[in-house]
Number of protein chains: 2
Amino acid sequence: MIRIKDIAKACGVSVSTVSKALNRSHEISGDTTRKIVEKANKMGYIANSSARSLKTKRSQNLGLIFVDNSDSGLGHEYFSIILNGIKMEAERQGYDLTFISNKIGSSKNSYLNHARYRGCDGVIIVSADFQDPKIMALVNSDMPTVTIDYQFHNKTAIMSDNKKGLEEIVKHVYEMGHRRIAFIHGEDTDVTRQRLASFYKACEELDINVPIEYIRSAEYHIPKYSGIATRELLEMENRPTCIIYPDDYSYMGGLTEIEKHGFKIPEDISVVGYDGIYLSRILRPKLTTYVQDSVQIGLMAANKLIEMIMHPKTYLSEQITINGYLQKGQTVKRI
Amino acid sequence: MIRIKDIAKACGVSVSTVSKALNRSHEISGDTTRKIVEKANKMGYIANSSARSLKTKRSQNLGLIFVDNSDSGLGHEYFSIILNGIKMEAERQGYDLTFISNKIGSSKNSYLNHARYRGCDGVIIVSADFQDPKIMALVNSDMPTVTIDYQFHNKTAIMSDNKKGLEEIVKHVYEMGHRRIAFIHGEDTDVTRQRLASFYKACEELDINVPIEYIRSAEYHIPKYSGIATRELLEMENRPTCIIYPDDYSYMGGLTEIEKHGFKIPEDISVVGYDGIYLSRILRPKLTTYVQDSVQIGLMAANKLIEMIMHPKTYLSEQITINGYLQKGQTVKRI
DNA sequence: TTGTACGCGTTATCAC
DNA sequence: GTGATAACGCGTACAA
């Protein structure tokens, strides 16, 4: 390992001159800087981030919280694409990314402590139990944080546009002539509440009557549950002509059930997904779904967090909504 | 922020005593240790990893290389599940995970330098261009590394069992009565070569004749290319009765093409995928595919890397193969 | 424009 | 069993 001290010796200057030169300080003359930088490269000098951040109190490192009780969190395309977006933007701006768990070494601990331990400049909470006191403690600390798809009071959050999403879906389905529209929603979260409220509102405005039995509960990303809900809907006397699913994956569970009943999509029943994952585009019939711009969500999360880190005094928390768009596939029949 | 110095003052002991007590050194009496630890907790002490690793030369942090030219790397379930496995095992053993790119801050750099800069104890190369000199430099350095699905000479690698995979697929398809078997493979990589060799070998042993036109090239994870290959196969005079795809996603491209030709699966043509992603299980007909145990691949990669870090002298590089299994779906017809 | 000296928080060595 | 002290590598007042 080679240190600035070695370079200083090799160049016949002091360590501080080397430090300043490497950091392109204007205090150092162009000539000296050039000479030092060149020498440093030749000697294969690599800075030591530990020493640097010990001194500067900055790590250029962002924490990443990704808790998946479902044990396959990262496996969900929606999240992994968000992660990809975060990674791209963080790298672009010269930040690294470190996963933050709720333990340090082998001992249980809080997320906040872990982030502090690693000297994170800020933390992005991609997926977590937002009711967890340890998450709340983190968000309410002085550590800059950005949450995704969950809004803490007065904190910066990046949200997919659930309101617009359900609104557009309902409108489209309505225009296609449907009046008996069922909605299978995910477990009770902020996102779900937004979507549900927006669904009701859109229906109300269009004078669509929504029997309570048309609203079914399932869990995001678990096709089985949406399958069960689908069966219940199909077996109703006055069954819906269109079913809106919590997400594209869940639709697959519904699909199985629909086929079991001998129904065809969209001839016998229309369906709409949510997320617009890759799968939705290659399925046949192509799925009508609301495409969330997950890369953009990730980019924006990283971007805002870095802004917050750089301007801690002037930055005002924001709630940013990332627009998606309706992908009109072939799963909604005109009736 | 509270430092050991503060605790020392509060307890009326020296900093070194506190340090030792917190690290459970046996030099310190049980009583003193208890008192110090308690006080530290009460004061909300959190260690500083920068200071610690500056001194100890250990970071308890693993680097993660994940390069995706395709711009959706993390979005591929195979990789994101591997990542999940790595994360689980690293956390279990008290290691953190940091993404390593080929730049430090805003300046271009090598992976090795980046890993050194962050003081990584080791690096897992999940996905990368293994011909990239920067990757090779990393692997050939003194930095402990583990690669996934690529074998550098005399280095530790975790491989999915491509040999057994293709072998089992061919055997199964053969047993179902197929003799005209086509294989669409991915771009030229280690994995592809292994699979191709194994495919040929299995066919040879079963006396299956493989016309050169039955071997088609596509790219992993890009349905479009597999779609094109599929069309070419379907339009042959003597078309195959079964097509093996590079991966489950690619099969979706083939599916579209097959339906365009008015063929049904498996009545008119049989198909086999590879990977066993979630999708393969919920598709109807359920896809016959070779399931890779990607969580296990991730777990093992982290596990071996940590072993290597802890026993640098005695650890011998290994090539570990993680077994998968054949998922018999409904896409291969008995003929 | 350059150099000196110190401190960031921690651990390791050695003396007591 | 405990304490004093010197590093680890870097950045930055402040001095020159």
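So that the names make sense, note that chain A is the first sequence line, chain B the second, and so on, each numbered from 1.
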Any donor-acceptor pair under 3.5 Å linking the side-chain atoms of [Y] with those of [X]?
{"X": "Asn61(A)", "Y": "Thr98(B)", "answer": "no"}
{"X": "Glu318(B)", "Y": "Thr156(B)", "answer": "no"}
{"X": "Tyr117(A)", "Y": "Asp96(B)", "answer": "no"}

Discussion item. For Lys155(A), I'd like to know if atom NZ has over 12 heavy atoms of other residues, nucleotides or ligands within 6.0 Å.
Written reply: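 Enclosed.
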Item to complete: Look at atom CD of Glu187(A) and say whether more than 12 heavy atoms of other residues, nucleotides or ligands are closer to it than 6.0 Å.
Response: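 It does: Glu187(A) CD has more than 12 such atoms within range.
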Fill in: Point-to-point distance, once rounded to the nearest 0.5 Å, from CE of Met308(B) to CG of Leu316(B)
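The CE atom of Met308(B) sits 10.5 Å away from the CG atom of Leu316(B).
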Worksheet entry | Quiz item: cation-pi between Lys87(B) and Phe99(A), 6.0 Å / 45° |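 The answer is yes; both the distance and angle limits are met.
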Discussion item. dG3(D), OP1 or OP2 - any side-chain N/O from Ser14(B) closer than 4.0 Å?
Written reply: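 The answer is yes; a side-chain N or O of Ser14(B) sits under 4.0 Å from OP1 or OP2.
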Worksheet item: OP1 or OP2 of dG1(D) less than 4.0 angstrom from a side-chain nitrogen or oxygen of Ser29(B), does that happen here?
Response: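 Negative; the distance criterion is not met.
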Worksheet item: Can you give one letter per nucleotide of nucleotides 8-13 of chain C, 5' to 3': B if a protein heavy atom sits under 4.0 Å from the base, S if only from the sugar-phosphate, - if neither?
Response: BBBBBB
Worksheet entry | Net bend of the helix from dT1(C)-dA16(D) to dC16(C)-dG1(D), end axes of five pairs each, nearest 10 degrees |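 Axis angle across the helix from dT1(C)-dA16(D) to dC16(C)-dG1(D), nearest 10°: 40°.
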Rounded distance (Å) that lies between atom [atom2] of [N] and atom [atom1] of [X]:
{"X": "Asp6(B)", "N": "dG7(C)", "atom1": "CG", "atom2": "C1'", "result": "15 Å"}
{"X": "Arg34(B)", "N": "dT2(D)", "atom1": "CZ", "atom2": "P", "result": "12 Å"}
{"X": "Gln60(A)", "N": "dC10(D)", "atom1": "CD", "atom2": "P", "result": "16 Å"}
{"X": "Arg58(B)", "N": "dG9(D)", "atom1": "CZ", "atom2": "P", "result": "16 Å"}

Worksheet item: Can you list the residues that meet the side-chain contact (heavy atoms from CB on, under 4.5 Å) rule with Ser14(B), with sequence neighbours excluded?
Response: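 Partners of Ser14(B) under the side-chain contact (heavy atoms from CB on, under 4.5 Å) test: Ser16(B), Thr17(B).
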Discussion item. Under 4.0 Å, heavy atoms only, any strand: does Ser53(A) hit a base, just the sugar-phosphate, or nothing?
Written reply: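 Nothing, no nucleic acid heavy atom in range.
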